2 protein chains.
Amino acid sequence: MTDDGPRPVKTTKTSLAIVRAVRDGHGATLSDVAGRLDLAKSTVHNHLHTLVDEGFLVRDGDTYHVGLQFLPFSEHARNRNPLYSTARKRVYSLAEKTGNEADFIVEENGRAYTLEYAIGESTARGFSGSSPFRAGNRFYMHNCASGKAMLASLSDERVRAILDRWGLPATTDHTITDESALFDELETIRQRGYATNEEELIDGYRSVGAAVTGPDDDVVGAFSVGGPAYRMAVDESSTREIAQVLLDEIDSLESELPN
Amino acid sequence: MTDDGPRPVKTTKTSLAIVRAVRDGHGATLSDVAGRLDLAKSTVHNHLHTLVDEGFLVRDGDTYHVGLQFLPFSEHARNRNPLYSTARKRVYSLAEKTGNEADFIVEENGRAYTLEYAIGESTARGFSGSSPFRAGNRFYMHNCASGKAMLASLSDERVRAILDRWGLPATTDHTITDESALFDELETIRQRGYATNEEELIDGYRSVGAAVTGPDDDVVGAFSVGGPAYRMAVDESSTREIAQVLLDEIDSLESELPN
DNA sequence: GGAATCGTTCACATATTCCGAACGTTTATA
DNA sequence: TATAAACGTTCGGAATATGTGAACGATTCC
């Protein structure tokens, strides 16, 4: 049997799975990890010690936690995006103007990453203890407003590649799980210039999103404004109102970009 | 020959070294990495593809970059610190009050990590394109003001453990490289309540730092305020002035902490 | 006081990583 | 235009580093 293409490095995948298990469990012991991943304790033992040695995990008694060594890498990645510092301020501005939650998201490898997040009234910019929207979170493209806005600005070819890679997993009853339905939706988004999310990601959460395009009409990211359904009125005029605030902010941002 | 203790997982170390090489080179090609780490191209090839698949690297043509997949982990780690959201605001406040650079640092595994950073006049909170002090950076404890402030609040035993692990590498001519000299310095810091950094980290950079202690007198982090030597006057009275701003801010913060 | 659980150590077997040579393309050079 | 060098990629083979499971001491829980 001949190999096709590059052979995945299993040991690395194991180490990463261990870190993921520690994160998802909000801390975990050796036995927790071994049990969850079905690995021998001795195996996990070696991995854990290696990861601690490298700083990617920290040991506190017998529980392990995600280490701060991820920071130098994540900040490097974040700052590599030329829009990041500008977009940050826009997120704060959007949150204040609308009194809702606002975030800036970019696409990488077919997934959406929140680079910055803010709540309107809150003084804790960029931070929210347990919000699913805090900075650093990763989403699918098809079930959030900014994700759909970005998809709408990509070529059908790239959209299809993304769908092939990640599928259309449902997170609520309203998630679009049908490919042709999604393409219809993307067409609508293109026509009206912004995307909406009607509880497709989380029950009770609505949002409006719009993409930022660079000088060559390439998508560089997307902003969205959202909040609980009871606060974000469903009627078309208030949605359009929010969308207008978004689009104005983006226009202002795009005019600042080098071209 | 019998093993002593846990055996490091070499494959994982290799993967991490590759990611580090990519970051340090601000992007790198397969050959770059293979050359720098002295590994076979085919080996690097497999690692790169695995890391891309996991999202920790991104491929752009033939150059690889650090991926945003580090973000969900770093933010998790950062938010795990109960002081983070409060400390953020204090950093902004300190930067504004002093008109200098301010940051909040915590210790992990004997190293100091910048959790938040701000420049006084700048509107770009927490961000600085190329500053060595931006959020996410990692320092040694012995050659920065906040690091020394934290060391001064730790037991001699722990200090010695940290020194054993990381040594006293010099980054300028003024870096303290002698162990007993450092312990003398720590004693001074304890007596006056704050630490200084007289171009011990970077030539031309001076700073003042003080530690934050929790209810049980355990160190939870440290703030520092600093700037170029031409702006941060060397005389004792202006240093004390800045130290007072720092200590007041910390007092105010500590009074907010649960006890 | 006993049993169960924890993390740790170790010898062993084999699966996995690593290497190096060869390939097809592209880029640079003569 | 022809030739050479460099790139990423593929693949067979060899060695080694990983994964396993059993045994250990310590701690915790019945």
Side-chain angles (χ1 to χ4, degrees), chain A residues 1-67 109 161 165, chain B residues 1-67 109 161 165:
Chain A
M1 172 174 159
T2 131
D3 288 296
D4 51 326
R7 284 179 278 192
V9 184
K10 289 200 179 184
T11 310
T12 300
K13 293 220 173 217
T14 305
S15 273
L16 295 175
I18 289 174
V19 178
R20 235 175 285 135
V22 169
R23 184 197 54 181
D24 294 343
H26 289 269
T29 66
L30 191 154
S31 303
D32 289 341
V33 175
R36 185 177 314 192
L37 300 180
D38 202 37
L39 291 166
K41 285 194 294 174
S42 51
T43 304
V44 178
H45 183 252
N46 287 333
H47 280 267
L48 288 174
H49 276 262
T50 305
L51 290 163
V52 166
D53 183 62
E54 295 277 345
F56 291 96
L57 290 180
V58 218
R59 184 172 185 168
D60 177 25
D62 276 342
T63 42
Y64 293 84
H65 290 281
V66 177
N109 247 307
R165 169 76 215 261
Chain B
M1 175 175 157
T2 131
D3 288 295
D4 50 325
R7 280 182 286 184
V9 184
K10 289 200 180 184
T11 309
T12 300
K13 293 221 172 216
T14 306
S15 274
L16 295 175
I18 289 173
V19 179
R20 234 176 285 134
V22 168
R23 183 197 56 180
D24 294 344
H26 289 269
T29 66
L30 192 155
S31 303
D32 289 342
V33 176
R36 186 179 311 193
L37 300 179
D38 202 36
L39 292 167
K41 285 194 295 173
S42 52
T43 303
V44 177
H45 183 252
N46 287 333
H47 279 268
L48 288 174
H49 277 262
T50 305
L51 290 163
V52 167
D53 183 63
E54 295 277 348
F56 291 96
L57 289 180
V58 219
R59 185 172 184 169
D60 178 24
D62 275 342
T63 41
Y64 294 84
H65 291 281
V66 177
N109 246 309
R165 168 77 214 261

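Not measured: the values here are computed from a predicted model. Letters A, B, ... are given to chains in the order of the sequence lines, protein chains preceding strands, and every chain is numbered from 1.
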Presence of [X] side-chain N/O under 4.0 Å of [N] phosphate oxygens OP1/OP2:
{"X": "B:Thr29", "N": "D:dG8", "answer": "yes"}
{"X": "B:His45", "N": "D:dT9", "answer": "yes"}
{"X": "B:His49", "N": "D:dG8", "answer": "no"}

task = Send over the distance from B:Leu30 CG to C:dT26 C1', rounded to a whole Å.
result = 15 Å
Whole-Å gap separating C1' (C:dG24) and CG (B:Asp62) = 14 Å
key: Of A:Arg20, A:Glu54, A:His47, A:Lys10, the residue whose pairing with A:Ser15 passes side chain to side chain donor-acceptor pair (under 3.5 Å)   = A:His47
key: Trace of the side-chain contact (heavy atoms from CB on, under 4.5 Å) decision for A:Leu30 with A:Asp62   = CA-CA 7 Å; A:Leu30 191 154; A:Asp62 276 342; over 6 Å; no
request  = Take A:Thr11 and B:Thr12 through the side-chain contact (heavy atoms from CB on, under 4.5 Å) test and state the conclusion after the steps.
outcome  = CA-CA 6 Å; A:Thr11 310; B:Thr12 300; 4.0 Å; yes
ask   = Looking only at atom types and distance, does a side-chain atom of A:Asn46 sit under 3.5 Å from a main-chain N or O of B:Val9, one as donor and one as acceptor?
value = no
task = Keeping the roles fixed (side chain from A:Arg59, backbone from A:Gly61), state whether a donor-acceptor pair exists under 3.5 Å.
result = yes
Verdict with supporting geometry, B:Tyr64 and B:Val33, side-chain contact (heavy atoms from CB on, under 4.5 Å) = CA-CA 10 Å; B:Tyr64 294 84; B:Val33 176; over 6 Å; no
request  = For side-chain contact (heavy atoms from CB on, under 4.5 Å), just list the numbers for B:Val44 and B:Leu37, CA-CA rounded to whole Å, side-chain angles, deciding distance to a tenth of an Å, and then say yes or no.
outcome  = CA-CA 9 Å; B:Val44 177; B:Leu37 300 179; over 6 Å; no
ask   = What one-letter contact string describes nucleotides 17-23 of chain C from 5' to 3', where B marks a base within less than 4.0 Å of any protein heavy atom, S marks contact via sugar-phosphate atoms alone, and - marks no contact?
value = SBBB---
message = Both atom distances under 3.5 Å, Watson-Crick or G-U wobble: I'd like the secondary structure of DNA chain C as a dot-bracket string, with | for pairs made across strands.
response = ||||||||||||||||||||||||||||||
ask   = So A:Thr29 and A:Asp32, side chain to side chain donor-acceptor pair (under 3.5 Å) or not? Walk me through it.
value = CA-CA 5 Å; A:Thr29 66; A:Asp32 289 341; 3.2 Å; yes
